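Please read the structure below before turning to the comments.
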There are 2 protein chains.
Amino acid sequence: MPDHGGDRRPKYQRIADELRTAMDAGAFAPGDRLPGENDLMAAHGVARMTARQALSVLRAEGLAEARKGVGVFVRSFRPLRRRGVTRLSRERWGNGRSVWSADLGDRTLVVDRVEVSAAAPAGPRVARALGLDSPEAPVCVRRRRFVLDGKPVLLAVSYLPAPFTEGTAITEPDTGPGGTYARLAEHGHRPVRFREEIRCRMPTPAETTGLALEPGTPVILICRTAVTETGVAVEFNEMTLDASTYVLEYDFEA
Amino acid sequence: MPDHGGDRRPKYQRIADELRTAMDAGAFAPGDRLPGENDLMAAHGVARMTARQALSVLRAEGLAEARKGVGVFVRSFRPLRRRGVTRLSRERWGNGRSVWSADLGDRTLVVDRVEVSAAAPAGPRVARALGLDSPEAPVCVRRRRFVLDGKPVLLAVSYLPAPFTEGTAITEPDTGPGGTYARLAEHGHRPVRFREEIRCRMPTPAETTGLALEPGTPVILICRTAVTETGVAVEFNEMTLDASTYVLEYDFEA
DNA sequence: GAGTGGTCTAGACCACGAA
DNA sequence: TCGTGGTCTAGACCACTCG
């Protein structure tokens, strides 16, 4: 008979709370091992599935990660800072201190995979974002995966209207010094205005494998549209970020 | 006997995949009822816990929500757009209009709860963000909850150095026309530069209750620092957003 | 009252990693 | 080899919603 000991809350919630409180109090540091299923069964006198459910709560919250055959451990959060504005315009204004201090600015992202298609149909969504007349309009598609210290952290798919990329290095895996935007500028299509839209949700199975995500890790979606001085959209970039890795930063003026 | 039918993947994953694929194909529209635990047990010849685990996968992905005693249903996503740059431009808050008005479509976003403390110790984190000398330095703390059509979607905690707020309406629940920034401007502390830092993670239990979140819904954290022309930080604002409600938007130039 | 999802038990076999 | 977490079964009682 399930005796809740004067507490109406489910057992697995109380066990999870107890562990979470201990973690907050510093009893378990990031990387430390947590009590396993067997420990919780013995300590709380519950069945296997109940102990398991308690741990699954912590994993779903992104607080713990299980390693098969080893144990359950406290996850750590070491953010990678992405500066939305200054990264596209070399200019800084140093006021306003960062809240999440662990700034790994010196680490460099390595492109893991590149996949380029010189011309493919835009499709309705991309055509609308780029302001193209037809969903059949050809676009250059560049897919890339970025890896930080061996762990994939960012998937990016960039769409550019084919007329702007034909005969340029943009259709090559290596776009050359300055990257895509430098090539666009050389051909008179320099992007000057940007819009980034940000969403956040739980990952699809494809994203989970592509980013090697732990359970309980959301993804951040950034959709960037780049526009020239004359108001022509030259790039639509869809990025999928491991939310346990990234902190986004935007500086702007009133 | 666990017969995986020539497939190495777990049964619950294959069941979840089947439902997810059907949802993508449009067999289940947002709001539609999905096959329940009993349906899946019968259809796939599995035990209760296995069918349950399959559904829990979809809930953890934010795709489905369970209603006790009723069934499991496809979740819908109706985003609320938050414009990070233009919403803080001077014209917006200079003319007495609420900065939030621009965010709304046909829906209404109202402040649900306000809690103001005229002077409290900043604490190390806030002191650092505001560039205060001491963690004991007094700050005005304003806590607010915003509700959209009856559902809480945003928790905001704003910290302002007490010297800038003493004797102003900022220490009142109602800050008056133009809000906090208008009051700051009137006393010679007009914020002109802003930095917003964005993170995303799974919610804490407090956030889950405070925002009435469904399981499988991440939260977006925005930390905004507002700085005057002379480089003095006058506000540090921590916001917690229901990620299933919000889309953030940032416009900027190269 | 019937059906639903929420919680829980007491077993079982497996794959994995470390000693 | 041994302990770990991953999966799965076959039951059970409960609270909730709806007709």
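Below, read A as the first sequence line, B as the second, and so on, with proteins coming before strands; counting in each chain starts at 1. What you see is a predicted model, and the numbers here were worked out from it, not measured in a lab.
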A/Q53 CD to C/dG5 P, in whole Å, measures 16 Å
Short side-chain N/O contact to C/dT4 OP1/OP2 from B/N38, under 4.0 Å: yes
Sorted by chain and number, sequence neighbours left out, ring pair (Phe, Tyr, Trp, His ring centres under 6.0 Å) with A/Y250 holds for B/Y250
Testing C/dG5, C/dT9, D/dT4 for proximity to the side chain of A/R33, the answer is D/dT4
Looking just at side-chain N and O atoms, do A/R75 and A/T217 make a donor-acceptor pair shorter than 3.5 Å? yes
Whole-Å distance, B/I15 CD1 to D/dT7 C1', equals 12 Å
Side-chain contact check for B/V72: nearest option of C/dA12, D/dA10, C/dG5 is C/dG5
Atom CE of B/M41 and atom C1' of C/dG5 are separated, to the nearest Å, by 12 Å
Taken to the nearest whole Å, CZ/A/F73 to C1'/D/dG5 is 11 Å
Practice problem: Look at atom CD of B/E115 and say whether more than 12 heavy atoms of other residues, nucleotides or ligands are closer to it than 6.0 Å. | Solution: no
Rounded to whole Å, CD of A/E37 lies from C1' of C/dC16 at a distance of 14 Å
Which of D/dT9, C/dG6, C/dG17 is nearest the side chain of B/K11? It is D/dT9
Whole-Å distance, B/R48 CZ to C/dG6 C1', equals 8 Å
Contact check, residues 201-212 of chain B vs DNA chain D, heavy-atom distance under 4.0 Å, returns none
* Side-chain contact, heavy-atom cut-off 4.5 Å: B/V74 with B/L34? -> yes
Exercise for review: Report yes if a donor N or O on one partner sits less than 3.5 Å from an acceptor N or O on the other, where the partners are the side chain of A/R52 and the base of D/dT7; otherwise report no.
Suggested key: no
The salt bridge (Lys or Arg N to Asp or Glu O under 4.0 Å) partners of B/K151 (sequence neighbours excluded) come to B/D242
**Report entry** Pair B/E207 + B/R201: basic N to acidic O under 4.0 Å
**Finding:** yes
- request: May I ask you to say whether A/R20 pairs ionically with A/E61, meaning some side-chain N is under 4.0 Å from a carboxylate O?
  value: yes
In whole angstroms, the gap separating P of C/dG11 from CE of B/M49 amounts to 17 Å
| said: A side-chain contact here means heavy atoms from C-beta on lying under 4.5 Å apart; do A/L211 and A/T240 qualify? | reply: yes
Sorted by chain and residue number, the side chain to side chain donor-acceptor pair (under 3.5 Å) partners of B/R59 (sequence neighbours excluded) come out as none
### Query
Taking only N and O in the side chain of B/T50, is any of them less than 4.0 Å away from OP1 or OP2 of D/dT9?
yes
Residue pairs passing the salt bridge (Lys or Arg N to Asp or Glu O under 4.0 Å) test with at least one member in residues 29-57 of chain B, sequence neighbours excluded, are B/E37-B/R48, B/E37-B/R52
Per the under-4.0 Å heavy-atom filter, residues of residues 54-69 of chain A near DNA chain D come out as A/R59, A/A66, A/R67, A/K68, A/G69
Exercise for review: Determine: side-chain N/O of A/Y12 to OP1/OP2 of C/dT7, distance under 4.0 Å, yes or no.
Suggested key: yes
Taken to the nearest whole Å, CG/B/L40 to P/C/dG3 is 17 Å
